Undergrad: 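Just passing along the structure, written as structure tokens.
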Amino acid sequence: MTAFELPADGPLQLGPVQLPAGERITPYGSQVPVAWMTTAAVPDAGLILSVLTDIGDETGGLVPILIPPGIYHHEHGADFGPPDESDDADRFTDAEVMAKLWGENTPSEAEYARYPEYRESLEPFGRQFPGLAPAEHGRLAEGAREHALRMLPEAHVGLVRARRPADVLVAVGWSIFDAGYNPLPVSVGSWCATVLRSWEDRFGARLMWVESDRLRLLVGRPPQTVEAATRVAAEHWAFADECGGVTKTSIKDLAAALVGAPVWTYWWD
């Protein structure tokens, strides 16, 4: 398999990993396959993902991801869409994207002034975006990564032609149920890619799980203190409707769940 070439249909051997039969996934209405994916969900999917990530040279430069069984439909291309040809994830900086999302997800000035619960939900911040959290340099606790990967349910293993994990969403035309949730003048996949690239760089957070309305990231350098986690929680608050199974009742609640957490999960309603 040459670099960035999707495997042919059938079983696949990649280094020490033997994958069961899979096929190229071509989104509905497109002629171009965007991924290769096992036709059946496999057990120990998280550990397989870990090995495939570690042997990146032997995957032909393709990015491995996991896809839950519930959204796999051969006829619909696993709910994927055509690649976002605009590739405009670089049009805005990560700080610009996050500030815009923050503004879209915080109460109006009148609501903030009138309702104490709105002010409490944003504490220790106010209506103005507090800025990006600094990069984290402390590593994930030993054994936490493997434990988190072992806890993942069985899933389809996919390979996507992308420069890095953060760019997978653009490559597969991901769009949050096509709901049109688009607070920036770029595609959903593009602004998500901008944020995910930033989290990859600052926290070693790698996209590993893709659903129609949910993403999971494996985090190599999560915040280690409540203070650091509070800054990160502000970004999570802006990014999604629910983070790590915690609804957006308060930034403090989100922060408590982020300290040392090896997996970040996002869900959109």
Side-chain angles (χ1 to χ4, degrees), residues 1 3-25 34-72 78-80 136 138-169 171-172 174 196 199-200 203-212 214-224 243-245 257-267:
M1 185 171 64
F4 300 103
E5 177 186 356
L6 292 174
D9 294 354
L12 181 63
Q13 180 78 42
L14 290 174
V17 177
Q18 175 65 54
L19 294 173
E23 60 185 352
R24 293 183 175 187
I25 302 299
V34 297
W36 180 96
M37 188 165 66
T38 58
T39 54
V42 299
D44 295 325
L47 298 180
I48 291 173
L49 177 89
S50 179
V51 175
L52 291 177
T53 299
D54 291 342
I55 62 166
D57 291 343
E58 297 182 57
T59 65
L62 299 172
V63 176
I65 59 169
L66 302 180
I67 303 157
I71 70 167
Y72 176 72
D79 288 348
F80 291 159
E136 180 67 48
R139 304 298 301 180
L140 188 65
E142 186 175 354
R145 179 176 185 265
E146 182 177 354
H147 176 73
L149 291 169
R150 287 186 181 279
M151 294 299 293
L152 292 175
E154 67 177 20
H156 301 274
V157 176
L159 298 170
V160 178
R161 192 171 26 230
R163 289 172 294 180
R164 56 192 290 183
D167 292 349
V168 162
L169 301 182
V172 300
W174 186 83
L196 296 186
W199 287 344
E200 272 187 26
F203 308 109
R206 180 213 187 280
L207 178 67
M208 66 169 177
W209 184 282
V210 179
E211 299 183 45
S212 298
R214 190 181 305 271
L215 302 175
R216 294 185 187 182
L217 278 60
L218 183 65
V219 188
R221 302 187 303 277
Q224 300 297 311
C243 308
L258 287 175
V259 177
V263 176
W264 292 350
T265 303
Y266 308 97
W267 176 79

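Computed from a prediction, not measured in an experiment: that's the story for all the values here. Start at 1 with the first residue, then count along the sequence. Note that these values count all heavy atoms, side chains included, but never hydrogens, waters or copies made by symmetry.
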Undergrad: Which heavy atom in Leu152 sits nearest to a heavy atom in Arg216, and how many Å separate them?
TA: CD2-NH1, 3.1 Å
Undergrad: What's the shortest heavy-atom distance between Val63 and Ala162, and which atoms?
TA: CG2-O, 3.5 Å
Undergrad: For the residue pair Leu62 and Pro7, what are the closest heavy atoms and their distance?
TA: CD1-CD, 3.9 Å
Undergrad: Answer yes or no: is there a donor N or O on one side and an acceptor on the other, between the side chain of Gln224 and the main chain of Pro222, under 3.5 Å?
TA: yes
Undergrad: Does some side-chain heavy atom of Val210 sit less than 4.5 Å from a side-chain heavy atom of Val160?
TA: no
Undergrad: Taking all atoms of both residues into account, what is the closest heavy-atom pair of Glu211 and Trp174, and its distance?
TA: O-NE1, 2.7 Å
Undergrad: Show your reasoning for whether side-chain contact (heavy atoms from CB on, under 4.5 Å) applies to Leu149 and Met208.
TA: CA-CA 10 Å; Leu149 291 169; Met208 66 169 177; 4.1 Å; yes
Undergrad: Does any part of the side chain of Asp9, heavy atoms only, come nearer than 4.5 Å to the side chain of Arg24, both counted from C-beta?
TA: yes
Undergrad: Taking atom CG of Leu159 and atom CD1 of Ile25, what is their separation to the nearest 0.5 Å?
TA: 11.0 Å
Undergrad: Given 3.5 Å as the limit, does a donor-acceptor pair link the side chain of Gln13 with the main chain of Gly15, or not?
TA: yes
Undergrad: As a test of understanding, state which of Val219, Leu207, Leu215 forms a side-chain contact (heavy atoms from CB on, under 4.5 Å) with Trp264.
TA: Val219
Undergrad: With a 4.5 Å heavy-atom cut-off, do Leu196 and Pro165 have their side chains touching?
TA: no
Undergrad: Measure across Trp36 and Gly10 and return the closest heavy-atom pair with its distance rounded to 0.1 Å.
TA: CZ2-O, 3.4 Å
Undergrad: For Pro43 and Ile48, work out which heavy atoms get closest and say how close.
TA: O-CD1, 3.8 Å
Undergrad: Return the set of residues passing salt bridge (Lys or Arg N to Asp or Glu O under 4.0 Å) with Glu200 (not counting sequence neighbours), or none when no residue passes.
TA: Arg164
Undergrad: Testing Ile65, Leu52, Ile67, Leu49 for side-chain contact (heavy atoms from CB on, under 4.5 Å) with Val157, which one passes?
TA: Leu52
Undergrad: Find out whether Glu146 and Leu47 are in side-chain contact, i.e. whether some heavy atom of one side chain is under 4.5 Å from a heavy atom of the other.
TA: yes
Undergrad: If you define the side chain from C-beta out and look only at heavy atoms, does anything of Val51 sit under 4.5 Å from Pro64?
TA: no
Undergrad: Between Glu23 and Met37, is any pair of side-chain heavy atoms under 4.5 Å apart?
TA: no
Undergrad: Within a strict 4.5 Å, meaning less than it, do heavy atoms of the Glu136 and Pro223 side chains meet?
TA: yes
Undergrad: Measuring only between side-chain heavy atoms, which start at C-beta, is Leu218 closer than 4.5 Å to Ser50?
TA: no
